[in-house]
Amino acid sequence: MSSISSEQIVAVLKSEIENYELEKKSREVGTVTHVGDGIASIYGIDHAMYGEIVVFENGVKGMVQDIRRDSIGCILFDLEGTIREGTKVARTEKMAGIPVGDGFIGRVTDPLGEPIDGGGEIAADDYYPIERPAPGILDRHSVCRPLETGILSIDAMFPIGRGQRELIIGDRQTGKTSIALDTILNQKGKDVICIYVSIGQKSSTVAKLVGTLRDHGALDYSIVVSASASDPSPVQFIAPYAGTALAEYFMHKGKDVLIVYDDLSKHAVAYRELSLLLERSPGREAYPGDVFYLHSRLLERSSRLSDELGGGSITALPIIETQAGDVAAYIPTNVISITDGQIFLESSLFNAGMRPAVNVGLSVSRVGGAAQTKAMKKASGSIRIDLAQYREMEIFTQFASDLDESTQNQLKYGKGLVELLKQPLGKPMSMAHQVITLVAATEKMFASVETDSIKAKQAGLLEFFDREESALVAELSEKKELTDELRSEIIAAARRFFAEHGAGIKL
């Protein structure tokens, strides 16, 4: 072991003294004047920013949500039992954020990024603010690549593109979460990261959903961010923003992300509770005046980035619960005006056995055919108009006893279409299967099939194509185009199936 001389030690000390710079740091410190219900009022901090994290002397963190003339209001992310009047609070000058990284894939976390699935710590690659400005117009690319849900009625009539925001809206128990879940399941093998944000749901409901994802192998590319009904309002409030920060991490790496907010009605209620506790003036339905901005600044962050920025995208499926089908209520109209279309689920259709219970008249995709493959665009044709005409005709003819043959045929065709669009939960369809079904339907090949047997006949047709016409299925899947020649081949093969298996077409 080499010895160090006293001269060397002195030289090092002199160097340290000469290079030492006295740095004076000041921290703005305030005092708690009132605390309760997850809210703390603080006096003495005059320069805090909205959304900034403050730290109490016992280590609890809060986020600035209200800036007044002589005090600030903070929401607390932890139990406030150890915070009392007189507790000291210091600014951190950092905005609220969440750890992000590839390690979050396959995990269930709370909105603060802490794992709640018992799987141990999550290694973070970066730290993202939960709120950040949405990409500008020049940073965006047009929405033109499909994000297939695997649900025939949606992919055919209300296509969703990567980077789009499509609202799922309807009363309680009409299958809103089921549509989002099927869409997540359909992304298997398509290089899409899925993030499900649960806001105010029961923990048992979230556990069941996680189990479904795990059973279908979908948890391997999914992240679940859960703020359950038992969590305080501040945690429910930041949940969708935290989920979006995670999504932005993957989007900036050039990945395509699907994010589901389930649901924003409960998010608005949590924000209303916070606002009233912060003593903000209530407006319509007791919501604060900035409740529109609450969701617009969240959903505007979903987009498809330009190729120069990597071409990543965030596709948002926000969910809104209506009361008695009232889409004209405050929060539903707000979110409808922010999003690029809505899928409206109707209770009467659901109760009549139409699953998914999509209302063709009130549902719309404002991206439309730009988000469809050429094959789907050509195959879907006039199916939406046919369905709308059937609904109208069904109403007008329900009391008529004597109908002409043309009307009877149109009613039967419409009834067959409705039956074909029914789809069981957890059984998303591939694009090729959807195109084959639509071609056979628009050619009226199911016309002579009894209504009760249509689903069985459809399953048999698709099985026949997979078994004996696999080349046609492969060509559809790869080229994603429906040429006149390919359409003729599909029609010929379908005719052969119906000829071999009885009824269904007039040759």
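Looking only at atom types and distance, the side chain of Q164 has a donor-acceptor partner in the side chain of S365 under 3.5 Å away. Donor-acceptor pairing under 3.5 Å is recorded for the side chains of D171 and T322. Checked by atom type, the side-chain pair D191/Y221 shows no donor-acceptor distance below 3.5 Å. Counting only N and O atoms by type, the side chains of D66 and Y50 include no donor and acceptor under 3.5 Å apart. Side chain to side chain, S228 and S226 fail the donor-acceptor criterion of an N or O pair below 3.5 Å. The closest side-chain donor-acceptor pair between E273 and S233 falls under 3.5 angstrom. Under 3.5 Å, the side chains of Q236 and D231 contain no donor-acceptor pair of N or O atoms. Judged purely by distance below 3.5 Å, without hydrogens or angles, the side chains of D155 and T149 pair a donor atom with an acceptor atom.
Residues R304 and R145 meet the side-chain proximity criterion, which asks for heavy atoms closer than 4.5 Å. With contacts defined as side-chain heavy-atom distances shorter than 4.5 Å, the pair I122/E114 does not qualify. Residues R301 and I314 are not in side-chain contact: their nearest non-hydrogen atoms beyond the backbone lie 4.5 Å or more apart. The shortest side-chain heavy-atom distance between D215 and T212 does not fall under the 4.5 Å cut-off. Inter-residue side-chain proximity for L278 and R68 is flagged as met; some heavy-atom pair is nearer than 4.5 Å. Contact annotation: the side chain of F250 approaches that of I223 to within less than 4.5 Å [non-hydrogen atoms, C-beta and beyond]. Counting heavy atoms from C-beta on, the side chains of K176 and D263 never come closer than 4.5 Å. Contact of the R366 side chain with the Q342 side chain is registered, since non-hydrogen atoms from C-beta on lie closer than 4.5 Å.
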> Checking side-chain contact (heavy atoms from CB on, under 4.5 Å) for the pair F237/Q65: CA distance, chi angles, key distance, verdict?
Replying inline: CA-CA 11 Å; F237 163 68; Q65 275 295 293; 3.5 Å; yes

>> Please determine whether side-chain contact (heavy atoms from CB on, under 4.5 Å) holds for the pair R391 and V418, giving the CA-CA distance in whole Å, both sets of side-chain angles, and the decisive distance to 0.1 Å.
In response: CA-CA 10 Å; R391 295 285 185 206; V418 168; 4.0 Å; yes

> Where do F292 and S337 land on the side-chain contact (heavy atoms from CB on, under 4.5 Å) test, with the steps shown first?
Replying inline: CA-CA 10 Å; F292 177 88; S337 64; 3.4 Å; yes

>> Determine whether T339 and L299 satisfy the following criterion, side-chain contact (heavy atoms from CB on, under 4.5 Å), listing intermediate values before the conclusion.
In response: CA-CA 8 Å; T339 50; L299 294 168; 4.0 Å; yes

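No donor-acceptor pair under 3.5 Å is formed between the side chain of T174 and the backbone N or O of G170. No side-chain donor-acceptor contact under 3.5 Å links S275 to the backbone of R280. Side-chain atoms of S222 come within 3.5 Å of backbone N or O of A218 as a donor-acceptor pair. Here the side chain of Y330 pairs no donor or acceptor atom with the backbone of E285 at under 3.5 angstrom. Here the side chain of D110 pairs a donor or acceptor atom with the backbone of G113 at under 3.5 angstrom. Judged purely by atom type and a 3.5 angstrom limit, Y196 has no side-chain atom pairing as donor or acceptor with the backbone of I184. Side chain of R91 to backbone of H47: a donor-acceptor contact under 3.5 angstrom is found. Side chain of S71 to main chain of S41: no donor-acceptor pair is present (N/O by atom type, distance under 3.5 Å, no hydrogens or angles). Side-chain N or O atoms of S380 include one that pairs as donor or acceptor with a backbone N or O of M376 at under 3.5 Å. A donor-acceptor contact shorter than 3.5 Å is absent between the side chain of N186 and the backbone of D182.
Because its NZ or CZ atom is not both nearer than 6.0 Å to the ring centre of F104 and within 45° of the ring axis, R107 does not count as a cation-pi partner of that residue. Taking the centre and axis of the six-membered ring of Y128, the NZ or CZ atom of R132 falls inside the cone set by 45° and 6.0 Å.
Environment of NZ in K190: crowded, with over 12 heavy atoms of neighbouring residues, nucleotides or ligands closer than 6.0 Å. Within 6.0 Å of atom NZ in K255, 12 or fewer heavy atoms from other residues, nucleotides or ligands are found, so the atom counts as exposed in its surroundings. Heavy atoms of other residues, nucleotides or ligands lying less than 6.0 angstrom from OH of Y127 number more than 12. Open room surrounds NZ on K61; 12 or fewer heavy atoms of other groups in view lie less than 6.0 Å from it.
Put simply, CG on L274 and CG on D37 are 10.0 Å apart, with the number rounded to the nearest 0.5 Å. We find the OG1-CG distance between T205 and L209 to be 9.0 Å, quoted to the nearest 0.5 Å. We find the CZ-CG distance between R297 and D290 to be 7.0 Å, quoted to the nearest 0.5 Å. Rounded to the nearest 0.5 Å, atoms CD (E308) and CG (L305) are 10.5 Å apart. Expressed to the nearest 0.5 Å, how far CD1 of I160 lies from CG of L317 amounts to 5.0 Å. Considering CD1 of I331 and CZ of R284, their distance stands at 8.5 Å, rounded to 0.5 Å.
Residues R165 and E300 are paired through a salt bridge, judged by an N-O separation under 4.0 Å between the basic side chain and the carboxylate. Ion pairing between a basic and an acidic side chain is recognised when a charged N comes within 4.0 Å of a carboxylate O; D256 and R162 show such pairing.
Closest non-hydrogen pair, L294 versus A268, comes out as CD2-CA, 4.1 Å. Here the closest heavy-atom approach between residue Y271 and residue P288 is recorded as CE2-CG, 3.5 Å. The shortest heavy-atom contact between A245 and V100 is O-CG1, 4.0 Å. Nearest heavy atom pair, residue S302 against residue A316, reads OG-CB, 3.3 Å. In terms of heavy atoms, I45 sits closest to G30 at CG1-N, 3.6 Å. For L276 against A286, the heavy-atom pair with the smallest separation is CD2-O, 4.1 Å.
Between H34 and Y43, the ring center distance fails the sub-6.0 Å criterion.
Between H267 and H295, the two ring planes are tilted [angle within 30° to 60°].
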